Amino acid sequence: MIEFHLDGRSGVAPYMQLIQQVRQAMRLGLLREGDQLPTVKDVVARVAINPNTVLKAYRELEYEGLVSPRPGVGTFVTRTLADDSLAAHGPLRDELLAWLARARAAGLDSESIEALFANTLRTPVEESA
Amino acid sequence: MSSPVLQAEHLSKRYGRREALSDCTLSIPPGHVVGLVGPNGAGKTTLLQLAVGLLRPTAGAISVLGGRPASGGPQLAKVGFVAQDAPTYASLSVDDHLRFGAHTNPGWNQQLAADRIAQLGLDLSQKAGKLSGGQRAQLSLTLAIAKSPELLILDEPVASLDPLARREFLQALMGFVADRRASVILSSHLVSDLERVCDFLIVLVASRVRIAGEVENLLATHYRLIGPRRDPADLPPGVDVIEASYTDRQSTLIVRSATPIHDPSFAVELITMEDLVLAYMAQATTSRQPVLETIR
Amino acid sequence: MTWFAWRQFRIPSWITAAALLAVAVLLAITGHNLVDEWNASGAATCHGDCGGALTTFIQRATTGAEGIAYQLTTVLLYAMPALIGIFWGAPMLARELESGTYRLAWNQSITRTRWLGTKLAVGGAASALSAGLLSWAVTSWGHHLDHARYYRILPVMFGARGIVPIGYALFAFALGVTMGMLIRRTVPAMAATLAIYVAAVASMPLWVRAHLAPAVHGTVPLDLSSIDILSIGQNSVMTVRSGVTPSNAWVLTNNTITPSGKIFTGPADPTHCGDGGPRECIQWLSTLGLREQLTYQPASHFWQLQWIETGIFVAAAALLTAFCFWFIRNRLT
């Protein structure tokens, strides 16, 4: 079962953060079809947020078709977001580790690496072609 | 529209010449975690004590869950209260406190109380005076919850707690809300205490309610406008300025507007709950006119 | 709530029980001796003039442990209501208000009046019971000594016998609770309770008690075999008072009057009441036909006075209690 956390300073609304964390877990294959999401009570007992926030997030996920509630039992994942690209995660991760090693050897610190990556990610695809 | 958990009309409380609460009119819908925020001395404790019947109004009326506060056993049973600094009987043990609750509340849930105490790891024979601040707060919360109230009122429950105790207290409180679908009103002089948990906000400054409403609505209808220095009267109608600050070139305005603002000369931003509260506090100190608006 | 009221009262009730037990032991031990001495002195079997037997009894009974016990228990009976007021009554509300625990107590599912009523009932019952037990024990124990020497109807003894201590205790308790509620601080409430209690109890023999039952008026020929006062002041003004008074009575006024009914003030006859001894003066006085005019409460009025005085204090306690209920509902906000 996944565990939620809240970043109070990210500027993103709490319910949105929950939704993003569910989607991310699904993408990474940590949440698969049929898995149960933590109950509202479990979430707030860990994260100390308003239960309505959790309800709102779960409702939104249901609206997107990602989860579905089973009355009296809980909320369950109905789809997988992880597609074939999941298979490519392994090799991609290895390449990333190698690249990171080279970047550090070249003298970049974590901040510079993050900046480089963020900048490149935002650059339109045409430019880098 | 279900009946409000708290309804106040022109509620005032005066001590001699000092008005602790002035002309307060509020209607709080059920099913919310309500944050009552304001600086020290604003009247938060007064309002909460009026709601539980520890105080009597000097003017106006207040009804809680449809009844007059403390008007009898059944009314008292519906409202759980944890006063400031979580008062307990220092020379009595944890178990004595639980028995006190059991003997004086028909709706007492002994199983729930015992489970919570066990979960908290409290020693039943420990005298309440020997507990830490966080443990006393948790004990008081247990006593308030175990009588199975429909409304829980907490006066600055986490003000004197360390961050860990604070987190644990809020976790316990939210667990209770999720379980029982009860309404909660908690007060604090720090917005950061309330941000995570509240979905309804009341700002109380200098004995008057400045603004009250659902957090989602409030945050969606308040903006920060940054632009060249301009006369606030220039703004389109329906836009109320709450707080304004100027440099010689620039205006920064916190405004409320029912409709989105499309003014190209201004940069429009949404604001945080903290910004909102600070803006109303600033408004209170600069203006003498009471301003009460309720947004649903 | 009854359970909780007792739980809060636990320590004071243990202390009181222990103290009462100690007193009971003391009385049991000394009581034996008193009975022995009573029989030995012959007072038990004497009829008519028992002066000699009683004197013997008094001599034996006021020495040693019995004497100490006699004085101690009398003091204890006066002190007990005061202690009840100070240590049971005053803190009852003051401590809750001072420490803020009332904010916890008044949020449970019972009204303030029921909360107060339960605590008052528990404390009041305990007060009446402890004072009653102690007074019953001491009154029975000291029965002979009281009869022989200190006449229960006299002011010194009256408040430490019979049922009056119960009235004092209930009054002191209610007073303490009221002071605690009005002053809201424990120590000042204790002080106020003590001051008012002492004033109330002291005012009884001074001004009130004498009027609670019709005093007996009597006029008898002046008996100069025992003289209380014989003085000659300026201008030959005399004051004479006989020491012969009805036994076991509380004398309120004792005047020496002339045959015409006015208070005798002399003038002193210089030939008889000059520099010679008093005997000649007394001889001369006895020829003047003086009489002794008395107003007194006889021993037979003891129980009547007891009931009335107890009634007064119980009524005062009831008034204070009613005030407390009214105040806690309407004003203590």
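Per chain, numbering begins at 1; letters A, B, ... match sequence-line order. These figures come from a predicted structure and were not determined experimentally.
- Just one of B:Asp199, B:Val177, B:Val184 meets the side-chain contact (heavy atoms from CB on, under 4.5 Å) condition when paired with A:Asn50; it is B:Asp199.
- With a 4.5 angstrom heavy-atom cutoff, A:Val43 does not touch chain B via any of its atoms.
- For the atom pair CD (B:Gln171) and CD1 (A:Ile49), the distance works out to 11.0 Å, reported to the nearest 0.5 Å.
- Scanning for side chain to side chain contact (heavy atoms under 4.5 Å, CB included) contacts around B:Gln7 gives B:Pro4, B:Glu9, B:Ser27, B:Ser63, with sequence neighbours left out.
- In A:Arg46, the CZ atom is not crowded: 12 or fewer heavy atoms of neighbouring residues, nucleotides or ligands sit closer than 6.0 Å.
- Between B:Arg167 and A:Ala48, the shortest heavy-atom distance links the atoms CD-CB, 4.1 Å.
- By the salt bridge (Lys or Arg N to Asp or Glu O under 4.0 Å) test, B:Glu269 is found to be paired with B:Arg224, residues two or more places apart in sequence or in another chain being considered.
- Proximity of B:Arg196 to A:Pro14: side-chain heavy atoms (C-beta onward) are nowhere separated by under 4.5 Å.
- Residues B:Ala178 and A:Val40 approach most closely at CB-CG1, 4.3 Å, considering heavy atoms.
- Heavy atoms from other residues, nucleotides or ligands lying under 6.0 Å from CZ of A:Phe117 number 12 at most.
- The structure places OG1 of A:Thr53 at 9.0 Å from CD of B:Glu216, a figure rounded to the nearest 0.5 Å.
- Environment of CD in A:Gln24: sparse, with no more than 12 heavy atoms of neighbouring residues, nucleotides or ligands closer than 6.0 Å.
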